[in-house]
There are 2 protein chains.
Amino acid sequence: MKSAASAMSHDDTQDTGVPQIRDAIRDAIVERRLSPGTKLSESDVGNLFNVSRTLARAALQALSYEGLVSVEKNRGAFVAYPSPDEARQIFAARRLVEPGILREAAVHITRSDIEHLKQLLLEEGRLMGERGQTARRAEIKASGDFHLTLAAISGNAIMQRFMEELVARSSLVIALYGQSTVSSCGHAEHGDIIEAIESGELDRACRLMLHHIAHIEADLDLRERKSVGLKEAFEL
Amino acid sequence: MKSAASAMSHDDTQDTGVPQIRDAIRDAIVERRLSPGTKLSESDVGNLFNVSRTLARAALQALSYEGLVSVEKNRGAFVAYPSPDEARQIFAARRLVEPGILREAAVHITRSDIEHLKQLLLEEGRLMGERGQTARRAEIKASGDFHLTLAAISGNAIMQRFMEELVARSSLVIALYGQSTVSSCGHAEHGDIIEAIESGELDRACRLMLHHIAHIEADLDLRERKSVGLKEAFEL
DNA sequence: GTGCAGAAAATCGTATACAATTTCGCCCAC
DNA sequence: GTGGGCGAAATTGTATACGATTTTCTGCAC
């Protein structure tokens with residue numbers, strides 16, 4: 001199943017082959033094939049996709065606006081390495097925004113939307129059963145798709161785009177600070193939320209959503225962990 | 001007084017002379033010196049700022065990520081012309097997000113923050129007294145600064161950036177669909193909100209904020225109004 | 001005068017070239 | 001052996017060049 005990010009047309013007042021490169025790199029970051037801190041040199045990216053540095057640079061720039069890549073003047077682009085504080089802000093933003101999205105989605109939701117959500121849930125469950133890093137990657141993505149789909153249902157393209165950023169960055173944070181190998185008590189919670197929406201218990205759905213986000217965040221060990229730092233290891 | 005947008009450091013993991021160009025164009029858009037739909041050709045922008053098309057293009061691209069400029073493949077960049085539906089989404093997003101920001105800001109707010117807000121309010125009032133388009137521009141910006149400052153106080157850089165986008169785009173919407181010459185019953189409402197925060201009446205502050213946003217939106221005439229249409233001129 | 005080629009001009013899309021900056025290795029002094 | 005500095009290599013910053021697409025203008029047919 002294609003990811004929500006690529007299936008949802010995004011914005012596409014776009015223009016070049018840049019989107020393809022951007023999306024490919026984004027997927028690689030979100031799926032953790034690229035780890036935080038990895039250098040993304042313009043030449044390398046360009047060669048990899050058989051385009052000039054011009055387009056590679058544009059794609060990296062785009063990703064920097066989404067907070068997935070940080071570009072430093074005269075030094076280049078790196079897969080973002082969110083600080084614990086940034087991580088907290090990301091989740092604070094989600095707590096702030098997702099209940100509202102949920103309520104808005106509840107207004108517009110149709111039966112087929114609910115079907116779609118349940119479908120996602122099934123897929124998620126299936127992946128949970130599997131073993132291996134590939135399955136874990138797919139699981140993270142599927143888990144994100146649940147939240148992204150809710151945003152899409154809300155009908156607000158702006159909030160949708162914002163959530164895409166938050167979910168992608170959350171994935172980075174989990175990659176960096178996640179503890180339990182499977183942070184997906186989430187699965188059951190997703191189901192509960194759908195159920196609450198379906199039966200019209202909006203307030204309960206919001207409460208569940210907040211708990212859900214809190215649970216994800218609780219699985220993090222938010223301590224400074226700068227690079228594999230040799231120096232830092234002694235400065236403690 | 002410098003605008004909040006440029007005073008607030010934004011993100012600045014930035015790199016080139018692009019930020020200067022981007023900010024200059026953004027200010028021009030937000031202050032309505034550039035009207036919606038205006039073509040922004042890469043060559044013109046480049047010549048204007050004495051840089052090559054490369055940098056001009058990068059700046060325009062950046063603005064397109066913020067929704068202030070729309071770039072169409074092989075056609076170029078234009079000052080965004082938000083549709084009525086986009087306008088509604090922008091304000092829906094603000095209603096969804098600003099109460100939360102307000103609550104978060106209330107947690108972190110200091111006495112000096114409150115002083116700062118009151119300062120803004122004074123400035124706003126002063127501008128309301130003046131006449132002329134220049135004053136109106138400054139007034140729009142000052143009004144936006146109130147909301148931006150609250151976001152800054154909240155301490156969440158992500159929500160702050162998001163609000164910057166929403167406020168800037170709101171300005172575009174008001175430019176396009178605003179009716180009353182002075183949409184700034186807002187001034188008094190800003191004062192009320194500060195007051196409510198100061199006295200710890202959080203729920204009331206949120207209610208006031210929602211009313212405030214509703215008032216701004218109520219001043220809009222959200223009817224399709226494509227280009228300065230010659231045809232439309234007769235359909236009246 | 002209206003409408004439709006077709007060519008010329010302007011503008012964007014992408015690659016390449018060159019300058020500026022950083023990074024890395026090397027050599028030498030201590 | 002350690003540290004500092006110098007120079008080469010690599011990488012980014014910016015400009016320019018050239019092909020592709022769109023827009024505008026022109027001229028001819030009707």
Can you spot which of His116(B), His212(B), His190(B) makes a ring pair (Phe, Tyr, Trp, His ring centres under 6.0 Å) with Phe146(B)? His190(B)

Report the C-alpha separation of Ile109(B) and Leu117(B) in whole Å, then their side-chain angles, then the decisive distance to 0.1 Å, and conclude whether the side-chain contact (heavy atoms from CB on, under 4.5 Å) test is met. CA-CA 11 Å; Ile109(B) 203 164; Leu117(B) 285 170; 4.2 Å; yes

For the side chain of Ser43(A), counting heavy atoms from C-beta on, which of dA15(D), dG13(C), dT12(D) is nearest? dT12(D)

Atom [atom1] of [X] to atom [atom2] of [N]: distance rounded to whole Å?
| X | N | atom1 | atom2 | value |
| --- | --- | --- | --- | --- |
| Gln20(A) | dG13(C) | CD | C1' | 15 Å |
| Gln61(A) | dT14(C) | CD | P | 16 Å |
| Asn50(B) | dT14(D) | CG | P | 14 Å |
| Leu55(A) | dG13(C) | CG | C1' | 8 Å |
| Asn47(A) | dA10(D) | CG | P | 14 Å |

Return whichever of Ser52(A) or Leu40(B) has its heavy-atom-nearest nucleotide of DNA chain C closer to the 5' end. Leu40(B)

Want to settle it: does Glu42(A) or Thr54(A) sit nearer the 5' end of DNA chain D, counting the closest nucleotide to each? Glu42(A)

Is a side-chain donor-acceptor pair under 3.5 Å present for Arg32(A) with Ser171(A)? no

Report yes or no: do Arg94(A) and Ser170(A) form a side-chain donor-acceptor pair below 3.5 Å? yes

Scan nucleotides 17-22 of chain D against the protein and return all N/O pairs shorter than 3.5 Å with their distances rounded to 0.1 Å.
none

Between Asp145(A) and Leu120(A), what is the shortest heavy-atom contact and its length? O-CD1, 3.8 Å

Does Arg75(A) have any side chain to side chain contact (heavy atoms under 4.5 Å, CB included) partners at least two apart in sequence or in another chain, and if so, which? Glu72(A), Phe78(A)

Could you provide the dot-bracket string of DNA chain D, using ( ) for intrastrand pairs, [ ] for crossing pairs and | for bases paired to another strand, with Watson-Crick or G-U pairs below 3.5 Å? ||||||||||||||||||||||||||||||

Phosphate oxygens OP1/OP2 of dT22(C): is one of them under 4.0 Å from a side-chain N or O of Lys39(A)? no

Leu63(A) side, atom CG; Arg26(A) side, atom CZ - distance, nearest 0.5 Å: 6.5 Å

OG1-CZ distance between Thr38(B) and Arg33(B), expressed to the nearest 0.5 angstrom: 12.0 Å

Take atom CD of Gln133(B) as the centre, draw a 6.0 Å sphere, and report whether it contains more than 12 heavy atoms from other residues, nucleotides or ligands. no

